[in-house]
Amino acid sequence: MIRVIVVDDEPMVCAHLRTILGSAPDIEVVEAAHDGAAGVEAVVRHRPHVVLMDLRMPGVDGLTAIARIAALPEPPTVVALTTFDADQYVIRALRAGAAGFLVKSTPPEDLIGLVRVAADGHTVLSPAAARRLVAASSDEHASRDRALSLIRELTDRETDVLTCLGEGLSNAQIAKRLFLSETTVKGYVSRILVKLDCENRTQAGLLAYDAGLVSR
């Protein structure tokens, strides 16, 4: 059973998401919290697999809560909830440790599937959406300089794998493209995350965009 926590200051949004996700036989919404602080407490209490986190909330906002959750031992996958698919809050959430984002208007059948994807540890962020987000970044030049500095530490093969992450490919797809086993790809991904000081595949993928490895 995939345990989910929903954090949103609008009770109607929480009720809507709980109803949709609760209709899936393999998903359970274990708690709905209405601010970031309560969301972090709920994570500590329930140890969920996935957290759906609104970004704009009074008190402790979603960005602060995401950073606090990312600092916990064995943190869950956090997916940012947003109204628009390309704004500065989303960019900051991804760089703070969110594994992707969902637009609140996502159709119910897609929402259930994307939560399952997030629970499996995969990025909930399409390549097209990533391009829009990076293009919207106000500190794009600084991000590019930082990314170029970081990827100099990678081997040629690690750079190939990073490029694939930037394109949103799964481990199986990367293995097929680069003629590697999935186990080998997992090893490369783990080393890349350590070398680039990234919390997850999404952050590494964004670095690939910042460094110009993937076309925008």
Side-chain angles (χ1 to χ4, degrees), residues 1-2 4 21 24-27 49-52 70 74-80 85-86 90-91 93-95 97-103 106-137 140 143-144 146-216:
M1 184 68 73
I2 300 170
V4 178
L21 296 176
D26 58 338
I27 298 175
H49 300 100
V50 178
V51 178
L52 301 182
E74 299 182 6
T77 298
V78 181
V79 178
D85 64 359
V90 173
I91 296 169
L94 295 174
R95 299 196 188 283
F101 77 89
L102 290 174
V103 179
T106 299
E109 61 274 15
D110 293 341
L111 178 64
I112 290 171
L114 289 169
V115 166
R116 289 173 177 149
V117 169
D120 284 337
H122 298 299
T123 300
V124 185
L125 181 69
S126 71
R131 284 194 289 272
R132 290 197 299 273
L133 287 167
V134 174
S137 177
E140 189 171 347
S143 296
R144 183 177 179 83
R146 175 178 175 273
L148 288 172
S149 175
L150 286 170
I151 67 170
R152 291 193 188 101
E153 303 299 320
L154 302 181
T155 65
D156 289 343
R157 181 56 89 186
E158 287 169 346
T159 302
D160 292 340
V161 173
L162 178 63
T163 301
C164 292
L165 292 177
E167 294 178 14
L169 301 186
S170 67
N171 286 349
Q173 291 170 322
I174 296 172
K176 184 176 180 180
R177 175 181 291 188
L178 301 181
F179 304 101
L180 301 169
S181 70
E182 285 191 52
T183 300
T184 300
V185 171
K186 289 180 181 178
Y188 275 122
V189 171
S190 295
R191 288 195 293 275
I192 288 168
L193 296 182
V194 171
K195 285 187 175 183
L196 299 183
D197 193 26
C198 290
E199 295 286 343
N200 50 51
R201 298 165 68 97
T202 303
Q203 288 187 347
L206 287 173
L207 272 176
Y209 281 101
D210 289 344
L213 298 178
V214 181
S215 299
R216 297 179 180 178

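Along the sequence shown, the residues carry numbers beginning at 1.
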Novice: Find the distance between CD (Gln203) and CG (Leu94) and round it off to the nearest 0.5 Å.
Specialist: 8.0 Å
Novice: Hey, what do you get for CD (Glu153) to CG (Leu196), rounding to the nearest 0.5 Å?
Specialist: 9.0 Å
Novice: Looking at every non-hydrogen atom in both residues, tell me the closest pair between Gly97 and Asn200 and how far apart they are.
Specialist: O-ND2, 3.0 Å
Novice: What's the spacing between Leu165 CG and Leu193 CG if we round to 0.5 Å?
Specialist: 7.5 Å
Novice: Please determine if Asp26 and Arg116 form a salt bridge, counting it only when a charged side-chain N lies under 4.0 Å from a carboxylate O.
Specialist: yes
Novice: State, to 0.1 Å, how close Ala211 and Ile151 come at their nearest heavy-atom pair, and which atoms those are.
Specialist: CB-CD1, 3.7 Å
Novice: Measuring from atom CZ of Arg191 to atom NZ of Lys186, what distance do you get when rounded to the nearest 0.5 angstrom?
Specialist: 14.0 Å
Novice: Main chain of Leu169, side chain of Arg201: is a donor-acceptor contact present, judged purely on distance under 3.5 Å?
Specialist: yes
Novice: Can you tell me how far the CD atom of Glu158 sits from the OG1 atom of Thr163, to the nearest 0.5 Å?
Specialist: 12.0 Å
Novice: Going through the distances and angles, do Val185 and Arg177 end up as a side chain to side chain contact (heavy atoms under 4.5 Å, CB included)?
Specialist: CA-CA 11 Å; Val185 171; Arg177 175 181 291 188; over 6 Å; no
Novice: How far apart are the closest heavy atoms of Thr202 and Gly100, and which atoms are they?
Specialist: OG1-N, 4.1 Å
Novice: Can you name the nearest heavy-atom pair linking Thr77 to Ala118, along with the distance?
Specialist: OG1-O, 3.3 Å
Novice: Between Ala70 and Glu199, what is the shortest heavy-atom contact and its length?
Specialist: O-OE1, 4.3 Å
Novice: Quick one: closest heavy-atom pair of Tyr188 and Leu180, and the distance?
Specialist: CE1-CD1, 4.0 Å
Novice: Does the side chain of Val4 reach to within under 4.5 Å of the side chain of Val51, using non-hydrogen atoms?
Specialist: no
Novice: Between CZ of Phe179 and OG1 of Thr184, what distance do you get to the nearest 0.5 Å?
Specialist: 14.5 Å
